[in-house]
Amino acid sequence: MPKTATPGPALPWPGPAPAPAQLHRIALVDVNSFYVSCERAFDPALAGIPVVVLSNNDGCVVARSDEAKALGIKTGEPWFKLADAAPRLGLVQRSSNYELYGDLSSRVMELLGRYALWQEVYSIDESFLGLAGTAAELDAQGADIRAAVARHTGLPVCVGIGTTKTLAKFANRIAKQNKHLGGVCNLDTMDPDVVETIMSRVPVTGLWGVGAKLGKRLHALGIRSVADLKAADPALIRSRFSVTLQRTVLELNGTSCLPLEEERADRQQLIFSRSFSAPVTTAAEMRQVMSIYAQQAAARLEREGQHARVLTAYAGTSHFSQKAASFPSVTVRLQSPTSDPVVLTRAAVGALEDSIVEGVPYTKAGVMLSGLSDAGAQPVFDEFVSAHEHRHLGELLGKVADKYGAASIGLGLAGLSSAKPDWTMSRKFSSPRYTTEWEELPVVKAC
DNA sequence: AGGACAAAG
DNA sequence: TCTTCTTTGTCCT
């Protein structure tokens, strides 16, 4: 209740109620168990049962439903350790279906943007939103957002509202963990004593930016809970730890230190890296890998209108094998910044040529492009541009791939689906690409 | 400037 | 036989 400081003439009763304060707040909206929820949105049979989504090559668990969490399944758990017990547990697994998740993500983000003064898309399933209104109106907006996302996409979200990004993140966590809040936690309308109690119970590692290592070091100073960190001296935290953690302390106390991140077009580097489903043991196969990875990387550069000046090609053996480890990595400076698939492919294949030992079982490889610049930012000396670059091959390949699919065209063996090598990613439990492929649209039967 | 490390999702 | 991938930031050299 706002105080009225100056005693003025007596208001007639009933007088106009004092206008509640208009607040500007930050909301963090996050889809619950995003990948699992995407799978469930198109397969009702998955509702209410333990479900996990697996990483590339069906290697390990990357997302779990609440029921799977209740079974004690951890993120990162290798699928081969769960596979045998799965039927007995009633556990259902899905391969990652990034086409589906990416498409649903953009639908959710577009929807969220309609409810906000500003929006920062933070990850595939999270967005910061700028909201304004009275404390009660903010509660209502949170509920509206939840309902709208559920209605339009079938996905469950939680909304955390606070004065800073860190507090909004924290509130979101509270909303997720306390079902009775109905998926919305607004720190303004919560009893301050309750907030304090919760902060003293949540371990400091539950905060955004505080992982296991930092948690251990904080523990040594007697800082165990969120409340402990909130009460810590920011200057001490700065000197013993980092500016990042100091900002966390300030943000917990309501001082915004983390600005709205602008959409940054000038990305620093681009990596295309994958583990193989079966080890690659020959130089010939590795050349093929490099060729395909370099083309993927080139296609992304092209799409984003950037050029690279430096290319690094690398490969590696398994970290889990007892045998001799080998991690060859070669960096080459390109003659001029380019996104040309022929130049990049040649560079990647050539780079590892002398480093690959025949017979060594490589389990992963990658192509990293750095020294990135906007295409056309600086004019390139014509003498340095190869003939085919003038023909804009990358652009052409991109157009063909857009029209006929990624597997329709490529240099060398890339694009020849009939010649699919046996190291390519395996996704044995994938759901259909319901929303991005005509052939895989869900079929609805009405009686 | 660039590598090691930490963190996040 | 089976253990993700990508990006960002800080600190240190």
Side-chain angles (χ1 to χ4, degrees), chain A residues 28 30-36 52-64 73-84 86 93 95-96 98 101-102 105 121-128 165-166 169 172-173 176 204-218 237-248 257-258 261-262 264 266-279 281 293 296-297 300 304 310 312 314 316-323 327 329 331 333 361 363-372 422-423 425-429:
Chain A
L28 189 272
D30 180 319
V31 183
N32 306 345
S33 311
F34 181 55
Y35 296 173
V36 168
V52 292
V53 174
L54 305 173
S55 65
N56 289 343
N57 291 315
D58 300 329
C60 64
V61 172
V62 292
R64 310 159 292 159
I73 295 166
K74 299 276 181 279
T75 297
E77 203 157 330
W79 173 244
F80 74 87
K81 288 188 180 169
L82 291 170
D84 288 344
Q93 77 281 19
S95 304
S96 295
Y98 286 106
Y101 311 154
S105 172
V121 176
Y122 178 71
S123 76
I124 192 167
D125 76 326
E126 276 176 89
S127 182
F128 288 106
K165 285 183 169 182
T166 302
K169 270 264 198 189
N172 184 278
R173 184 200 155 96
K176 277 226 172 90
V204 73
T205 47
L207 277 173
W208 186 31
V210 184
K213 287 271 162 62
L214 265 180
K216 223 174 197 162
R217 289 172 57 200
L218 286 165
I237 294 296
R238 168 74 183 95
S239 64
R240 298 278 193 104
F241 296 90
S242 66
V243 277
T244 321
L245 194 60
Q246 181 190 30
R247 287 191 192 118
T248 302
C257 310
L258 303 172
E261 291 290 338
E262 321 287 331
R264 43 179 311 156
D266 56 335
R267 165 218 301 282
Q268 311 285 305
Q269 58 174 23
L270 187 161
I271 299 175
F272 191 90
S273 154
R274 293 283 182 277
S275 297
F276 309 132
S277 56
T281 58
Y293 286 15
Q296 301 274 2
R300 274 181 61 188
E304 298 175 21
V310 175
T312 304
Y314 59 91
T317 50
S318 170
H319 286 289
F320 303 95
S321 158
Q322 329 293 351
K323 295 180 202 144
F327 297 89
S329 165
T331 299
R333 193 177 176 80
T363 56
K364 72 176 294 185
V367 171
M368 176 166 96
L369 302 175
S370 45
L372 302 192
D422 54 11
W423 48 264
M425 197 201 302
S426 76
R427 293 195 316 185
K428 282 193 292 200
F429 318 112

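In what follows, chains are A, B, ... by sequence order, proteins preceding strands, each numbered from 1.
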Nearest to the [X] side chain among [options], which nucleotide is it?
X	options	result
A/R274	C/dC5, C/dG9, B/dA7	C/dC5
A/Y122	B/dA8, C/dT4, C/dT3	B/dA8
A/W208	C/dT10, C/dT6, B/dA8	B/dA8
A/K169	C/dT7, B/dA8, C/dC5	B/dA8
A/T244	C/dG9, C/dT3, C/dT4	C/dG9
A/S273	C/dT6, C/dT3, C/dC5	C/dT6
A/K213	B/dA6, C/dT6, B/dG9	B/dA6
A/R247	C/dT6, C/dT4, C/dT10	C/dT10
A/S242	C/dT10, B/dG9, C/dT7	C/dT10
A/R238	B/dA8, C/dC2, C/dC11	C/dC11

Quick check: A/Y35 with A/Y98 (ring centres under 6.0 Å apart)?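 A/Y98 vs A/Y35: aromatic centres under 6.0 Å.
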
Roughly how many Å is it from [atom1] in [X] to [atom2] in [N], rounded to a whole number?
X	N	atom1	atom2	answer
A/D30	B/dG9	CG	P	8 Å
A/R217	B/dC5	CZ	C1'	11 Å
A/L258	C/dG9	CG	P	11 Å
A/Q269	B/dA1	CD	C1'	14 Å
A/E304	C/dT6	CD	P	13 Å
A/Q246	C/dT10	CD	P	12 Å
A/K216	B/dA6	NZ	P	11 Å

Considering every strand and a 4.0 Å limit on heavy-atom distances, what is the contact class for [X]: base, sugar-phosphate, or nothing?
X	value
A/L245	nothing
A/E77	nothing
A/A83	nothing
A/I124	nothing
A/D58	nothing

Report yes or no: is the cationic atom of A/R274 (NZ for Lys, CZ for Arg) closer than 6.0 Å to the six-membered ring centre of A/F272, at no more than 45° off its axis? yes

Are A/L369 and A/Q269 side-chain neighbours, meaning at least one heavy-atom pair lies under 4.5 Å?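 Result no, sub-4.5 Å side-chain heavy-atom pair not found.
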
For A/G215 against A/V204, the heavy-atom pair lying closest together: CA-CG1, 4.4 Å

Could you work out the separation of B/dA8 and C/dT3 based on their P atoms and round it to a whole Å? 25 Å

Is the backbone of A/R64 close enough, under 3.5 Å, to the side chain of A/S33 for a donor and an acceptor to pair up by distance?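 Here the side-chain-to-backbone pair exists.
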
Closest nucleotide of DNA chain C for A/F80 versus for A/V243: which of these residues is on the 5' side?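 So the residue in question is A/F80.
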
DNA chain C: A/F241 or A/F272, which has the more 5' nearest nucleotide?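 Closest to the 5' end, via its nearest nucleotide, is A/F272.
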
Can A/D30 and A/K169 be counted as an ion pair, charged N to O under 4.0 angstrom?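 Looking at A/D30 and A/K169, the cut-off is not met.
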
